[in-house]
Student: 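Handing you a structure now.
Since the model is a prediction, treat every value here as computed from it, not as a measurement. Numbering starts at 1 and runs along the sequence shown. Hydrogens, waters and symmetry mates are skipped; everything else that's a heavy atom, side chains included, is used.
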Amino acid sequence: MPPRNKLDRNRKAYQRRDPNKRFLVYFEGAETERLYINGIRKLLREARAPIVIDPGNRNGNPLEIVRGAKKRKEESRQTDPYDAVWCIFDVEAPEPHASLDSALKLARAADIQCAVSNPCFELWLILHLKDCNRHYTTKKICQLAEQEIDSYSSKVFNFDDLASGIPGAVDRAKVLDGNYPPHAHCKQKNPWTSMWKLIQFLQDNGWRM
């Protein structure tokens, strides 16, 4: 039998692929986003949704996150391409990430979706429980998370405490989104988060909450 070449191995890998859609999600935070995405992965499994989420790395600024996601997306094309790639990162306030504009530009060019929060991801968590309508710095929104989320402390929380609030968070985030002009830059929108678009994307692809 002739030796198997790389093309043969790649073809075999693709043939073995799970029929579920497979998405890559890269995120900025070391703990908070990781806990949340792992919680979503658990819910997808429990609901037997036809979706698999592969998490990316857990550190770096927005541009580094997008670069990492872009590289992994390109590598996946050799064997088992991702159906979609998402990045999660923050604007930060009062001083936005210096690499924010470059990250968004690269993401558009690479066909990578972004779920962005201003000032930071903690806003999305709070929206699982209540409205949040005033301008916040990153420090202040994290302090509010400590007050409003019983299990939240130093970027760590129990996802189960918030899981039932996902539909409410989506609704509240949509209301915030409607407070700004359609083409306003995310740096100009505070409080604001597009995390609801990731949740809706998962629902559009077969997740029944």
Student: Regarding R77 and Y82, is there a side-chain donor-to-acceptor distance under 3.5 Å anywhere?
Tutor: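 Y82 and R77 do not have a side-chain donor-acceptor pair below 3.5 Å.
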
Student: To the nearest 0.5 Å, how far apart are CG in L43 and CD1 in I53?
Tutor: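 L43 CG to I53 CD1: 10.0 Å, rounded to 0.5 Å.
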
Student: List the residues meeting side-chain contact (heavy atoms from CB on, under 4.5 Å) with V156, not counting sequence neighbours, and say none if there are none.
Tutor: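 So V156 forms a side-chain contact (heavy atoms from CB on, under 4.5 Å) with E31, L35.
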
Student: Which heavy atom of M195 sits nearest a heavy atom of I88, and at what distance?
Tutor: SD-CD1, 3.9 Å

Student: Give me the atom names and distance for the closest heavy-atom approach of N118 to K187.
Tutor: ND2-O, 3.6 Å

Student: For residues C87 and I65, report the shortest heavy-atom separation together with the two atoms involved.
Tutor: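 Nearest heavy atoms, C87 then I65: SG-CG2, 3.8 Å.
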
Student: May I ask you to check whether over 12 heavy atoms, not counting those of N158, lie within 6.0 Å of atom CG?
Tutor: yes

Student: With a 4.5 Å heavy-atom cut-off, do R67 and N61 have their side chains touching?
Tutor: no

Student: Looking at every non-hydrogen atom in both residues, tell me the closest pair between T32 and K155 and how far apart they are.
Tutor: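 Scanning both residues, the minimum pair turns out to be OG1-O, 2.9 Å.
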
Student: Is R22 salt-bridged to D83, cutoff N-O under 4.0 Å?
Tutor: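 No.
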
Student: Donor-acceptor check, side chain of K73 to backbone of D111, threshold 3.5 angstrom: yes or no?
Tutor: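 Checking the backbone N and O of D111 against the side chain of K73, a donor-acceptor pair under 3.5 Å is found.
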
Student: Test your reading of the model: is there a side-chain donor-acceptor pair from E146 to the backbone of S154, 3.5 Å cut-off?
Tutor: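 The answer is yes, because a donor-acceptor pair under 3.5 Å joins these two groups.
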
Student: Locate the shortest heavy-atom distance separating L63 from A103; write the atom from each residue and the value.
Tutor: N-CB, 3.5 Å

Student: Once you round to the nearest 0.5 Å, how far does NE2 of H97 lie from OG of S102?
Tutor: 12.5 Å

Student: Using the side-chain contact (heavy atoms from CB on, under 4.5 Å) definition, which of the options I149, D150, L144 pairs with Q147?
Tutor: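 Of all the options given, the one that passes is L144.
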
Student: Kindly say whether A47 contributes a backbone atom to a donor-acceptor pair with the side chain of R208 at under 3.5 angstrom?
Tutor: no

Student: Give the minimum heavy-atom separation between T193 and W196, together with the two atoms involved.
Tutor: O-CD1, 3.3 Å

Student: For V116, is there any backbone N or O sitting under 3.5 Å from a side-chain donor or acceptor partner on S194?
Tutor: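 Yes; at least one donor-acceptor contact below 3.5 Å.
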
Student: Can you confirm whether K70 is buried at NZ, in the sense that more than 12 heavy atoms of other residues, nucleotides or ligands lie under 6.0 Å from that atom?
Tutor: no

Student: With a 3.5 Å cut-off and no angle check, do the side chains of E122 and Y136 form a donor-acceptor pair?
Tutor: no

Student: Side-chain contact test, heavy atoms from C-beta onward, threshold under 4.5 Å: evaluate it for F27 versus F89 and give yes or no.
Tutor: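 Contact flag for F27/F89 side chains = no.
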
Student: Are any side-chain N or O atoms of D80 and backbone N or O atoms of S76, one a donor and one an acceptor, separated by less than 3.5 Å?
Tutor: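 Here the side-chain-to-backbone pair does not exist.
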
Student: Check for a donor-acceptor pair, side chain of Q188 on one end and backbone N or O of H185 on the other, with a separation under 3.5 Å.
Tutor: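 Yes, because the side chain of Q188 sits within donor-acceptor range (under 3.5 Å) of the backbone of H185.
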
Student: Look up atom CD in Q113 and atom CH2 in W86, then write down how far apart they are to the nearest 0.5 Å.
Tutor: 5.0 Å

Student: Using ring pair (Phe, Tyr, Trp, His ring centres under 6.0 Å) as the criterion, list what pairs up with H128, not counting sequence neighbours.
Tutor: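 Listed in chain order: Y36, W124.
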
Student: For S151 and D161, does a side-chain donor sit closer than 3.5 Å to a side-chain acceptor?
Tutor: yes

Student: Any chance NZ of K140 has more than 12 other-residue heavy atoms, nucleotides or ligands included, within less than 6.0 Å?
Tutor: no

